[in-house]
Amino acid sequence: MKRWRGGTPFTLLWLGLTVVVVWSCREDVTAPGVCPEYCPSRRVQMIDSIFPGSIVRDSSFRGYVTGYQAAAMQVVTEGSLTESRSLIRFFAFLDSINGEPIVSLDSFQLELELLRRAGITGLELLVYRLPATVDTTTTFTDVEPYFQDSTLIGTIAIPDTVEDGKLFAPLPAGAFPTLEQDSNVAAVGVALRAADEGYVDLGTREGLKAAELKRYGTVLRDSVIIIDSTGTDTTIVTDTLVAASDGRQADMDSYVLEALPAGDPDALPVGGSPSARAFLRVDLPPQVVDSSDVSRATLILVLAEPVAGAPGDTLRLRADGLTIDIGAKSPLLAFPDDSPFGAADIAVGATDTVRIDVTHIINPLRVDSLLPASIVLRIVTEGAVVGEPRFWSSRNAAGAASLQVTYIPLFPTGVQ
């Protein structure tokens, strides 16, 4: 073995030096950072506060979606706070069926699409004959004289187990005695009858579930070819009476309702028909909007009166932001109607305070200074229900809306 001066083995000496160097350069990667070099001097603080007066310059506008523009028609029973009825006018029939002369009309059939219903038993739709002149300007009062026993042409009993789907009403051949004089245009009105107050939602052409009126009759066919059972012999019969049918979809559909009682002038209506939207402007302290991370923001709304609407119905209230605030015609920065963000369900007749999550509107304000600090309230599906909650505006100090915000202040730059 090679030895160094003094007799110490060279290999052992080199190994000892290596251990010393390795030990002196070792880093403990599992050890936490040492304060104060790696830790701020301030603790992370989460603050939860209610800001009265944070909603200002609020207002409500009506007329966004009318009954004839809605994706559904809500029909409400008589005796409710507001009764509503459906009006349907169909495209004109031809003077012939499938190009063949009509000898006689045998019957009609009305087809409706049930979308939603109240959870009560014994629902029945009543079908009435209406003038062919009904249109989008027709009001509840205009058609009141036609919802009488003398113009009742059919009924549809809705089974208690049926929640949605097709409904059919057979109508007699004389259901539309003035069809020819009306240029083959037919119109019907639909009302709802039940032992208790309730509602049904019916499909519309706007929602791609239009009603249809089918016509069944006997036509004169010039010739009919009859083939025997063997498939070889044929017989031509001329001037034969055969059964035929055709149908027409809705050209116009809408629903009309009795006007709701007037609300307090200091209240903000939302929903109804034609639909209303409420616009709320946000006024939060700069240290919340500009210098904090908002983990949750809740809009607190106080009802001015019990929620009006169809008995047993539940309304979906949505809160959306704006891309630009130019008043009533401001474009929405909206999530889909079925999104869980920024929505709350409100039962008709409710009087409780309503809370709705608006974090998705408040939090982006710190990132994008061009976004307006505004909130829009609307009912979805808009214009399709008669329900109309009314909330106190900022003009009513005791009931004005407010914001509850949970936020974390940002650390000032350069502070250790």
Side-chain angles (χ1 to χ4, degrees), residues 51-66 70 260 263-284 296-309 313-365 371-396 399-405:
F51 294 91
S54 53
I55 300 299
V56 298
R57 296 185 296 112
D58 45 11
S59 53
S60 184
F61 303 95
R62 189 178 295 280
Y64 291 93
V65 180
T66 61
L260 288 169
D264 192 291
D266 286 339
L268 302 174
V270 181
S273 179
S275 65
R277 296 176 183 175
F279 289 73
L280 317 177
R281 278 75 185 189
V282 176
D283 184 19
L284 285 170
R296 187 175 182 85
T298 303
L299 178 64
I300 303 173
L301 300 164
V302 180
L303 286 163
E305 59 186 69
V307 176
D313 198 7
T314 298
L315 309 178
R316 185 74 164 171
L317 178 67
R318 279 211 56 84
D320 294 305
L322 296 177
T323 57
I324 184 173
D325 192 343
I326 54 175
K329 296 185 178 181
S330 301
L332 298 180
L333 184 63
F335 279 75
D337 287 354
D338 58 355
S339 170
F341 300 105
D345 292 330
I346 312 174
V348 169
T351 58
D352 297 336
T353 297
V354 177
R355 295 173 176 267
I356 184 167
D357 189 341
V358 292
T359 310
H360 63 296
I361 301 173
I362 303 301
N363 206 27
L365 297 179
L371 283 176
S374 304
I375 299 172
V376 179
L377 301 177
R378 60 191 178 100
I379 294 294
V380 295
T381 301
E382 200 166 13
V385 295
V386 303
E388 183 179 299
R390 295 167 177 172
F391 303 103
W392 286 121
S393 71
S394 58
R395 296 186 296 274
N396 184 293
S402 59
L403 283 167
Q404 180 177 1
V405 185

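Small disclaimer: the values here were computed from a predicted structure and weren't measured. We use all heavy atoms of the structure for the numbers below, so side chains are in, but hydrogens, waters and symmetry mates are not.
- Note that OG1 of Thr353 is 10.0 Å distant from CZ of Phe391, once rounded to the nearest 0.5 Å.
- Among all heavy-atom pairs drawn from Pro364 and Leu371, the shortest one is CB-CD1, 3.9 Å.
- Within the 4.5 Å cutoff, no side-chain heavy atoms of Val282 are placed close to those of Leu280.
- Every side chain to side chain contact (heavy atoms under 4.5 Å, CB included) that Ile361 has, sequence neighbours left out, goes to Ala319, Val358, Ile375.
- Atom CD1 of Ile356 and atom CG of Leu317 lie 4.5 Å apart (nearest 0.5 Å).
- Between Pro389 and Val354 the shortest side-chain heavy-atom distance does not fall below 4.5 Å.
- If you take CG on Leu268 and CG on Leu377, they are separated by 8.0 Å, rounding to the nearest 0.5 Å.
- Minimum heavy-atom separation, Ser273 to Arg62: N-NH1, 4.4 Å.
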### Task
Show the numbers, then the answer: is there a side-chain contact (heavy atoms from CB on, under 4.5 Å) between Ile300 and Leu403?
CA-CA 6 Å; Ile300 303 173; Leu403 283 167; over 6 Å; no

### Task
Go through the steps to decide whether Leu303 and Leu301 satisfy the test side-chain contact (heavy atoms from CB on, under 4.5 Å), and finish with yes or no.
CA-CA 7 Å; Leu303 286 163; Leu301 300 164; over 6 Å; no

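- Residue Gln404 holds its CD atom at 11.0 Å from CG of Leu299, rounded to the nearest 0.5 Å.
- Here the CG atom belonging to Leu333 is positioned 12.5 Å from the CD1 atom belonging to Ile324, to the nearest 0.5 angstrom.
- Residues Val302 and Gly399 share a closest heavy-atom pair of CB-O, 3.4 Å.
- Between Leu260 and Arg390, some side-chain heavy-atom pair lies under the 4.5 Å cut-off.
- In this structure, Val270 and Ile346 have side chains that are not in contact, with every pair of non-hydrogen atoms separated by 4.5 Å or more.
- Every residue meeting the side chain to side chain contact (heavy atoms under 4.5 Å, CB included) condition with Thr381, not counting sequence neighbours, appears here in chain and number order: Ala71, Ala384.
- Contact between Thr359 and Arg296 at its shortest, heavy atoms only, is OG1-CA, 3.4 Å.
- Here the OG atom belonging to Ser374 is positioned 9.0 Å from the CG atom belonging to Leu365, to the nearest 0.5 angstrom.
- You'll find the side chain of Ser275 stays beyond 4.5 Å of the side chain of Ile379, heavy atoms only.
- Residues that satisfy the side chain to side chain contact (heavy atoms under 4.5 Å, CB included) test with Phe335, not counting sequence neighbours, are Arg318, Ser339, Phe341, His360.
- Every side chain to side chain contact (heavy atoms under 4.5 Å, CB included) that Asp266 has, sequence neighbours left out, goes to Asp264, Trp392, Ser393, Arg395.
- Within the 4.5 Å cutoff, no side-chain heavy atoms of Thr314 are placed close to those of Val348.
- Shortest non-hydrogen contact noted between Phe51 and Ser402 is O-CB, 3.6 Å.
- Considering all non-hydrogen atoms of both residues, Arg281 and Ser59 come closest at NH1-OG, 3.6 Å.
- At distances below 3.5 Å, not a single donor-acceptor pair connects side-chain atoms of Tyr64 with backbone N or O atoms of Gly383.
- Screening residues 338-355 for salt bridge (Lys or Arg N to Asp or Glu O under 4.0 Å), with sequence neighbours left out, gives Arg316-Asp345.
- Under the rule for a side-chain hydrogen bond (donor to acceptor under 3.5 Å, both in side chains), Asn396 has no partner lying at least two apart in sequence or in another chain.
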